[in-house]
**Q** 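One structure, as structure tokens, below. Some questions next.
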Number of protein chains: 2
Amino acid sequence: MEARRDVFQAIADPTRRAIIGMVAKQPVNVNAIAEQFDHTRQAISLHLKILSECGLLNIRKEGRERYCEVKLEKLNEVYEWVEEYHKLWTGRMKSLKRFIEQEELQAAKRTPAKKGKAGRK
Amino acid sequence: MEARRDVFQAIADPTRRAIIGMVAKQPVNVNAIAEQFDHTRQAISLHLKILSECGLLNIRKEGRERYCEVKLEKLNEVYEWVEEYHKLWTGRMKSLKRFIEQEELQAAKRTPAKKGKAGRK
DNA sequence: CTATTGCGCAAGCAATTGCTTTCCTATTTA
DNA sequence: TAAATAGGAAAGCAATTGCTTGCGCAATAG
């Protein structure tokens, strides 16, 4: 029932990413968010719940309204994950990667059992 | 049937993130990947398919083996998305910190009895 | 050639998602 | 006080996920 509730899963949904984008600028109340989308208020409400359950959203009650504000720091997990690979794929570590691949190739060639894919006739 | 196949959704699954981590170092063949996990080969195979369908993985046939290598550049979409917010929250934290410090100072001035660190006596 | 190995395909299944509709409860406002 | 208004809770449903089992097929080893 209570499913996985992590940030990666939370941002997997485009609607939720859009909500984050909306709320990042300033706190917005639930109905105002819902109006921007082509879903019922309840559908959006559910997305908000998911976002808040994984710590990305803070819902502050104010009178009969609920103001949502993002806790962007929660995205740090994602940032750190992707940033590591970003370093890898942008220059810096590229030479290392090439080196490793080269090594692999050499190892494959060294393996005697690997005598040419052309095979026999 | 053919569902959403985007990078955000692909990395939402922890197993798939682990696969990316494994393959980032060097190309690995399917069975070698599958051995690292507590799922059947077919389950992993399916994850690989998803990863390759959204462009994160390149599967190169070599004899009867399939070597998987990541195309990390595909993570750029995620990187750019999260990086924007990263800037925002690191910036915001700075200004928020300034704001709080300012507030604290003001409060200390207003309340002479406050035992705050400002130590105004 | 035959057995083995690497791996994909397909069917089947339970759990999860994303959404809707209906109903309910507070807080305002007239 | 009654009528709006903001928004949550629950039930129902189709589509999707993640996984397994079973089968088939090509490449290679013996």
Side-chain angles (χ1 to χ4, degrees), chain A residues 1-20 22-23 27-54 56-69 108 111-121, chain B residues 1-20 22-23 27-54 56-69:
Chain A
M1 242 109 260
E2 280 302 307
R4 229 170 0 99
R5 276 297 181 258
D6 60 79
V7 186
F8 282 94
Q9 205 250 346
I11 65 166
D13 187 278
T15 303
R16 287 196 288 270
R17 287 201 300 281
I19 290 175
I20 291 173
M22 260 192 83
V23 181
V28 188
N29 71 314
V30 176
N31 274 340
I33 296 171
E35 274 163 20
Q36 298 299 116
F37 295 92
D38 197 27
H39 301 302
T40 59
R41 180 177 50 75
Q42 285 81 348
I44 300 302
S45 193
L46 220 151
H47 282 305
L48 295 175
K49 196 179 172 192
I50 289 171
L51 287 170
S52 101
E53 271 174 10
C54 78
L56 262 167
L57 208 64
N58 199 307
I59 302 179
R60 184 177 78 247
K61 200 175 160 182
E62 199 165 301
R64 63 181 161 181
E65 293 174 46
R66 259 99 175 154
Y67 280 89
C68 304
E69 54 192 348
T111 314
K114 192 70 179 193
K115 42 135 76 95
K117 62 233 303 239
R120 72 283 215 138
K121 35 202 122 158
Chain B
M1 247 127 243
E2 279 301 305
R4 228 167 4 98
R5 275 300 182 255
D6 60 81
V7 184
F8 283 94
Q9 204 248 348
I11 65 167
D13 187 279
T15 303
R16 286 197 288 269
R17 287 202 298 282
I19 289 174
I20 291 173
M22 259 191 84
V23 181
V28 188
N29 71 311
V30 176
N31 273 342
I33 296 171
E35 273 163 21
Q36 298 300 117
F37 296 91
D38 198 26
H39 301 301
T40 58
R41 181 179 49 74
Q42 285 82 344
I44 300 302
S45 194
L46 220 152
H47 282 305
L48 295 176
K49 196 180 171 192
I50 289 172
L51 287 170
S52 100
E53 271 174 10
C54 78
L56 262 167
L57 209 64
N58 199 307
I59 302 179
R60 183 177 77 246
K61 200 173 160 183
E62 200 164 299
R64 62 181 161 184
E65 293 175 46
R66 259 99 177 155
Y67 279 90
C68 305
E69 55 191 348

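Order of the sequence lines sets the chain letters (A, B, ...), proteins ahead of strands, with each chain counted from 1.
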**Q** Under 4.0 Å from OP1 or OP2 of dA6(D): is there any side-chain N or O of N29(A) that close?
**A** no

**Q** Working to the nearest 0.5 Å, report the span between CG of N29(A) and CZ of R60(A).
**A** 10.5 Å

**Q** Name every donor-acceptor pair, under 3.5 Å, that has one atom in a side chain of residues 33-48 of chain A and the other anywhere in the protein, sequence neighbours excluded.
**A**
from   : atom 1 : to     : atom 2 : distance (Å)
T40(A) : OG1    : A43(A) : N      : 3.3
H47(A) : ND1    : R16(A) : NH1    : 3.1

**Q** Using the side-chain heavy atoms of R16(A), tell me which of these nucleotides is nearest: dG8(C), dC19(D), dG18(C).
**A**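 For R16(A), the side-chain atoms sit closest to dG18(C).
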
**Q** What I'd like to find out is whether the side chain of N58(A) reaches to under 4.5 Å of the side chain of S52(A), using heavy atoms alone.
**A** no

**Q** Round to the nearest Å and state the distance from R17(A) atom CZ to dG18(C) atom P.
**A** 11 Å

**Q** Detail all sub-3.5 Å separations between protein N/O atoms and N/O atoms belonging to nucleotides 1-5 of chain D.
**A**
from   : atom 1 : to     : atom 2 : distance (Å)
dT5(D) : O4'    : R64(A) : NH1    : 3.4
dT5(D) : O2     : R64(A) : NH1    : 3.1

**Q** What's the CD-P distance between E53(B) and dG18(D), to the nearest Å?
**A** 13 Å

**Q** Verify side chain to side chain contact (heavy atoms under 4.5 Å, CB included) between V28(B) and C68(B), making sure each step is shown before the conclusion.
**A** CA-CA 5 Å; V28(B) 188; C68(B) 305; 5.7 Å; no

**Q** Do R17(A) side-chain atoms and A12(A) backbone N/O form a donor-acceptor pair below 3.5 Å?
**A**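 Judged by distance alone, yes, a pair lies under 3.5 Å.
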
**Q** SG of C54(A) to CG of D6(A): how many Å apart, nearest 0.5 Å?
**A** 7.5 Å

**Q** Expressed in angstrom and rounded to an integer, what is the separation of R66(A) atom CZ from dT28(C) atom C1'?
**A** 14 Å

**Q** Rounded to whole angstroms, how far apart are CG on D13(A) and P on dT16(D)?
**A**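 About 14 Å, once rounded to whole Å.
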
**Q** Using a cut-off of strictly less than 4.0 Å, decide whether H47(B) has a side-chain nitrogen or oxygen near OP1 or OP2 of dT17(D).
**A**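 No.
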
**Q** From the set dG8(C), dG18(D), dT17(D), return the single nucleotide nearest to any side-chain atom of I50(B).
**A** dG18(D)

**Q** Expressed as a whole number of angstroms, how long is the span from K61(B):NZ to dC25(D):P?
**A**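 The answer, rounded to whole Å, is 14 Å.
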
**Q** Does S45(B) make a side-chain N or O approach to OP1 or OP2 of dC7(C) shorter than 4.0 Å?
**A** no

**Q** Answer with yes or no whether the side chains of Y67(A) and E69(A) bring together a donor and an acceptor at under 3.5 Å.
**A**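 There is no such pair between these side chains.
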
**Q** Report the distance from atom CG of L48(B) to atom P of dC7(C), rounded to the nearest whole Å.
**A** 10 Å

**Q** What is the separation between atom CD1 on I59(A) and atom P on dA6(D), rounded to the nearest whole Å?
**A**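 After rounding, the gap between these two atoms is 16 Å.
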
**Q** Which atoms of nucleotides 20-23 of chain C (N or O only) lie under 3.5 Å from a protein N or O atom, and what are those distances?
**A**
from    : atom 1 : to     : atom 2 : distance (Å)
dT20(C) : OP2    : T40(A) : N      : 2.9
dT20(C) : OP2    : T40(A) : OG1    : 2.7
dT22(C) : O4     : Q42(A) : NE2    : 3.0

**Q** List the steps and the verdict of side chain to side chain contact (heavy atoms under 4.5 Å, CB included) for R5(B) and I50(B).
**A** CA-CA 7 Å; R5(B) 275 300 182 255; I50(B) 289 172; 3.6 Å; yes

**Q** Nearest-Å distance, CG (D6(B)) to C1' (dT16(D))?
**A** 14 Å

**Q** To the nearest 0.5 Å, what is the distance between CG on L51(A) and CD1 on I19(A)?
**A**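 If we round to the nearest 0.5 Å, L51(A):CG and I19(A):CD1 are 6.0 Å apart.
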
